[in-house]
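Encoded as structure tokens, the structure appears first; notes follow it.
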Amino acid sequence: MKTIYMKDLANYYNQEIEISGFVDKIRDLQYVQFVIVRDSTGKVQVTIEKNDINQAMNELVSHLTKESTITAKGIIYDRPNVKLRGMEFVPSSFDITSVSEEQLPIDVLDYTNATDKELRLDYRFLDLRTERNYLIFKAQTLCEMAMREYWLENDFIEIHSPKILGTASESGAEVFKMDYFGKTVYLAQSPQFYKQMAMAAGFNNVFEIAPVFRAENSHTAYHATEFTSVDCEISWIKSHHDVMDMEEAFCKRMLLKLKTEIDDDYKRLFNKEINLNDVPFPRISFADCKRIIQEKYHYTGEKAHDIDRREEELIGIYAKKTFKSDFVFVTEYPFAARPFYHMLDENGLTKSFDLLYCGVEITTGAQREHRLDILKKQAVEKGLPLESLEFYFNFFKYGVPPHGGLGFGLTRFLMKLFDTESIREVTLLYRGPNRVNP
RNA sequence: GGUCCUGUGGUGUAGGGGUUAACAUGCCAGUCUGUCACACUGGAGAUCGCGGGUCCAAAUCCCGUCGGGACCGCCA
């Protein structure tokens, strides 16, 4: 007999079925026992009267512990007076398939969510048993699916670039060094060079969803030393605006998918609706961004060539107020704030952009410099050793399409979507300067 | 990397020189005619992160150490 998931129980009223799940709660009264059983799709009340026929089951349940797993056969009834979903399951057999220890290290059902976040991460497998956390990873799955649908329709190829590198990939971030049969190698902190290689290979458009590693001792709510980066790169573009068009399209596709699939649960568990953000994402130049923040909010960031956390938040607020958009592109950053491979425009500014979502940077993108002489010149300006980049420069020697691309931080997006305090809560298993377990 | 904060039963907190170390929740046992955040009664559970110092007396004050967090910087 096949296990019926909790979400589907209403299709089986008055039929003999089998259910399985974790023991969520036990209420053992004088003449009746209630066991709330939970799987990832929902809960149901299992009701067992205390009588001669049920004696064996009664005995089992009286010593049952929370979070143990059970399988029961029986009949599901429509019972409007039961508060939990108006149904109840009356078993004819009840088996304990695994026994949980009595005392749990964290409060799994903690509806106030008060347990220390770090302790919850130590016991992540228990923490993840909640409906709330399940929904986060369901949303992640849907986001990736929506993006893939978009890319497939637009002739993208999925690539899997190597994560062990002989030369440090250049993205401004620090790299992890690793011993490799006596030689030093580096963990990829970006698929950047390989996406560009795919452009040189004539793959018109590519994407990759894969881990990247950054040796940055960053202690913030939105950094990790290992995270999943969504990268794409497209050919034959006229400017970085073509790259932004592409990103805007897949972001909207993602929100639409989320709205269609999980809006009810999202409302119930997070108390807000998916915002389709059905307006053009505003595109504000770096210079205008600085000017607007000064004029409207009387704030001046510390750095002239980049925007700081406060400025990100303020421009996010401005975009929401003025354009009703959670998203805002900030474009044409100064070269000082950007890597050497970003293409410069006639004003000496980069043909680049960041995408901010609810005041947090979720993307850096740009048109890439594909003309080898200029590319080398820019590398020299940044003080990079040309010898180590020889393999990269080779990509540009035999014809390469004008191209550009971006990296999208999926966890940062999810963090803001679900209003979590930290990226850790939307990462399956977080990796940071102080955490490499479990 | 810089600045600041924090460590007390399983969990979350209170207590800030002398307490039987308190409260909530969880756990165990019992009572309870169907509960639904069940209720009620009782019980177990803490060498107050670790080491040292001051003091008649330290969870409490001081020094050190270890763990953890927040914000900023760096980036996705």
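Naming: A, B, ... by sequence-line order, numbering from 1 per chain. Since we're looking at a predicted model, the values are computed, not measured.
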- Message: Using only atom types and a distance under 3.5 Å, with no angle test, would you say the side chain of A/Ser100 pairs donor to acceptor with the backbone of A/Lys66?
- Response: yes
- Is A/Tyr31 stacked on the base of B/G34, meaning ring centres closer than 5.5 Å and planes within 30 degrees of each other?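 A/Tyr31 vs B/G34: stacking no.
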Just checking, [X] and [Y]: is the charged tip under 6.0 Å from the six-membered ring centre and within 45° of the axis?
| X | Y | result |
| --- | --- | --- |
| A/Arg338 | A/Tyr333 | yes |
| A/Lys382 | A/Phe335 | yes |
| A/Arg424 | A/Tyr430 | yes |

I want to verify a distance call: between [options], whose nearest atom is closest to the [X] side chain?
| X | options | value |
| --- | --- | --- |
| A/Arg214 | B/A76, B/G26, B/G34 | B/A76 |
| A/Asp107 | B/U25, B/G69, B/A76 | B/U25 |
| A/Leu29 | B/A76, B/A29, B/U35 | B/U35 |
| A/Gln103 | B/G69, B/C32, B/C27 | B/C27 |
| A/Glu118 | B/G34, B/C27, B/G69 | B/G69 |
| A/Thr115 | B/U11, B/U35, B/C74 | B/U11 |

Between [atom2] of [N] and [atom1] of [X], the distance in whole Å:
| X | N | atom1 | atom2 | value |
| --- | --- | --- | --- | --- |
| A/Leu119 | B/G69 | CG | P | 12 Å |
| A/Glu226 | B/C75 | CD | C1' | 16 Å |
| A/His342 | B/A76 | NE2 | C1' | 12 Å |
| A/Arg338 | B/A76 | CZ | C1' | 11 Å |
| A/Glu312 | B/C72 | CD | C1' | 12 Å |
| A/Asp122 | B/U11 | CG | P | 11 Å |

For the base of [N], is there a side-chain donor-acceptor partner from [X] under 3.5 Å away?
| X | N | value |
| --- | --- | --- |
| A/His219 | B/C71 | no |
| A/Glu216 | B/G1 | no |
| A/Gln45 | B/U35 | yes |
| A/Arg309 | B/C74 | no |

- In plain terms, say whether A/Lys50 and A/Asp28 are close enough for a salt bridge, that is, a side-chain N and a carboxylate O under 4.0 Å apart. yes
- Across the strands shown, which category fits A/Ser218 at heavy-atom distances under 4.0 angstrom: base, sugar-phosphate, nothing?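 Touches a base.
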- Task: Classify the nucleic acid contact of A/Glu49 as base, sugar-phosphate or nothing, counting any heavy atom under 4.0 Å across all strands shown.
- Result: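 Result for A/Glu49 = base.
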- Which residue lies toward the 5' end of RNA chain B, A/Lys50 or A/Glu102, if each is placed at its nearest nucleotide? A/Glu102
- Query: Quick one: on RNA chain B, does A/Ser229 or A/Glu313 contact a more 5' nucleotide (nearest heavy atom)?
  - Reply: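 Of the two residues, A/Glu313 wins.
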